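Okay, so here's the structure we're looking at.
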2 protein chains.
Amino acid sequence: MKQKVTLKIIAKEFDVSISTVSKALKNSNEISEEVREKIKAYADYYNYKPNSLALQLRAQKTSVIGVIIPEIVHHFFSTVIDGIEEHANKRGYNVMVCLSNESFEKEVSNISVLTNGSVDGVIVSIARETQKKEDYNHFEMLLKDGFPLVLFDRIVDSLKCDKVIIDDIGGGFKAANHLLEIGSKRIALLTTEDYITVGALRKVGYRKAMQSAGLEVDEDYVFKINDTKNLYRQIEKIFHLEKVPDAILAVNEIYAAIAMKIAIEKGYKIPEDIAVLGFTSGLISKFTSPPLTAITQHGYLMGQQAAELLINRIEHTGPKEFQKEVISTGIKIRKSTYIGE
Amino acid sequence: MKQKVTLKIIAKEFDVSISTVSKALKNSNEISEEVREKIKAYADYYNYKPNSLALQLRAQKTSVIGVIIPEIVHHFFSTVIDGIEEHANKRGYNVMVCLSNESFEKEVSNISVLTNGSVDGVIVSIARETQKKEDYNHFEMLLKDGFPLVLFDRIVDSLKCDKVIIDDIGGGFKAANHLLEIGSKRIALLTTEDYITVGALRKVGYRKAMQSAGLEVDEDYVFKINDTKNLYRQIEKIFHLEKVPDAILAVNEIYAAIAMKIAIEKGYKIPEDIAVLGFTSGLISKFTSPPLTAITQHGYLMGQQAAELLINRIEHTGPKEFQKEVISTGIKIRKSTYIGE
DNA sequence: CTGTTAGCGCTTTCAC
DNA sequence: GTGAAAGCGCTAACAG
């Protein structure tokens, strides 16, 4: 790669000092019209651009924010990144994305790499492994130094920092409630294992809705799916219940789609025999048949909020106390729970 | 944010010179055991980490690669990023992601920001608007300076740089061929407008397959869908043909899913009356009913290859001539084209 | 064994 | 009007 033009090179070219060039390019009227013009012309011609590393080092500010997510091939997370990008760009920041791949070690190393001066702050959604280990030391170190950190979606309450979460309890409630409203009595819950907070919280919401309807939660109707094993086999167990449920609430759209597919294969009519509802994060719900009613998650908004909190923290332009933003969910009613039209 | 520890600070603490500290931390045996240990202990305790900006500025190397994609909320592109990340990390690089949002202007500004010293090279998939304008000046400038650039997926042939593309012609051929093999005679093609190369290339493959089968392509069976308008209405036109096709080949999974849905609504049996096949980039094909046969696209591999080409270019560790890697497609046969079992 | 110096590219204050 | 010098944080050649 060819040597890039620097102030030094231009200075040598015209036999002036570096600072003269710097000022000329900034249109400082300390510099004579004549010199200014010829320097600008030269710089322009050779496509001079100030080296941003030098600027950053000097300014002690990179205008870059780091983002660490567990995986990117996941509609929800891409949506969040999109939101982060949008807000960050608007405020003059760039985004550096790192993946933890759900690994504790990679998360720690990402944090370490990012916080050595390359970024002004980080936004992270915690890796599963970290959540399981409950080792948040790497974050605590950062916070001790007052390094700007925003947690989203997969958060941990004990960390003193800004957070933005989806209202999963509300979402679970909204979901179960919708099913109750359409007349479901026996709602099966397809959820994740307990240490995955998202699943656990949605379950809380489900439980709340059941209780407000005066129904008690039958634990036989709660299925904790292990993501690493055969999903079909695990989900099929729903249909081994003595009394097959008349509704299925799944905490994500894959589980929902699979459950629906199995139900149809077994000859059940959706939604007449069994209504199905999922939490969506992608495009699947729209294209199943029947299309799935789903709780929607506004990842984009979440990303924007996270970026806003972070940048406010970086620029000291928000409240001093740590914020916890809650993004409420929506519900998109489709044919899997809706008879009529 | 608290002042980070620097060599200077440590040096002052022990009343030694900065270089002594630097060496001590590098375990240089130029420094006495005693001094070394106390400095290391201190650094460790205060969690010293060398400022990477300073290192980068000094080394004239950032070990960061920039990636510019049209959008991230798109399974294919996330997959590619995933692949880029994987390879980049393996070789000690980090990834900075920017979105062009299909806008020419944003692409230009992204290039400009990234290439001012923040990254050692960039990987880009060109924005639609840029393709439409055919203005590739921002890339030509880079190449003139010998700046490492790799184009993927949406490329332009005239640019002299490394490229990696999907074998779209082969994919179109493979797709049409499969349909012909299962006995389809009248294959409708659902494609994009011509300036979208991907669609155009797949069409070429389709045409080739038809011709090798001794069939001629009836342009009435080619539907160019405009992504901004009502997809349903446009796709429905397939069924207005005097002779309804016995197979539909769609250049992406959304079109395929919609076409299939409309067909079913109209009472056609899939695949008996009409076989449907799409190019997949997400999870939709798997969850439609029947599940869609699809040409698969290996974005992950593509990302890895792109990163490899770029890093080889950066490190001068590959061939001097520009490479053009072609990633071949796969085909996943599902029920939408398969009778039996 | 330890320190001085120069330099990466840039900005800015202060002299001249 | 122009330039010298300091400094951002670090490394490395060289001097002592």
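Order of the sequence lines sets the chain letters (A, B, ...), proteins ahead of strands, with each chain counted from 1. Quantities reported herein were computed from a predicted structural model and do not represent experimental measurements.
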Between S52(B) and N116(A): side-chain donor-acceptor atoms closer than 3.5 Å: no
Rounded to the nearest angstrom, tell me the gap between atom CD in E33(A) and atom C1' in dT2(D). 16 Å
Give a yes or no on whether the backbone of D157(B) and the side-chain of K163(B) come within a donor-acceptor separation of less than 3.5 Å. yes
Assign a letter to each nucleotide of nucleotides 9-16 of chain D from its 5' end: B, base within under 4.0 Å of a protein heavy atom; S, sugar-phosphate only; -, no contact. BBBBBB--
Distance, rounded to the nearest Å, where D15(A) contributes CG and dT2(D) contributes P: 13 Å
Rounded interatomic separation in angstrom, taking CD1 from I31(A) and C1' from dG3(D): 9 Å
Polar side chain donor-acceptor pair, Q56(A) to T62(A), under 3.5 angstrom: no
Find the distance I10(A):CD1 to dG9(C):P and express it as a whole number of Å. 12 Å
For a 4.5 angstrom cut-off between non-hydrogen side-chain atoms, does F147(B) reach V122(B)? yes
Taken to the nearest whole Å, CD1/I9(A) to C1'/dG7(C) is 14 Å
Considering heavy-atom distances to DNA chain C, does A59(B) or S17(B) have its closest nucleotide positioned more toward the 5' end? S17(B)
Given the rule in the ring-ring contact (aromatic ring centres under 6.0 Å, His included) test, do F104(A) and H138(A) qualify, once you have shown the distances and angles that lead to the verdict? CA-CA 10 Å; F104(A) 171 77; H138(A) 46 310; 5.4 Å; yes
What is the distance from CG of N116(A) to C1' of dC8(D), rounded to the nearest Å? 16 Å
Main-chain N/O of M141(B) paired to N137(B) side chain as donor or acceptor, under 3.5 Å: no
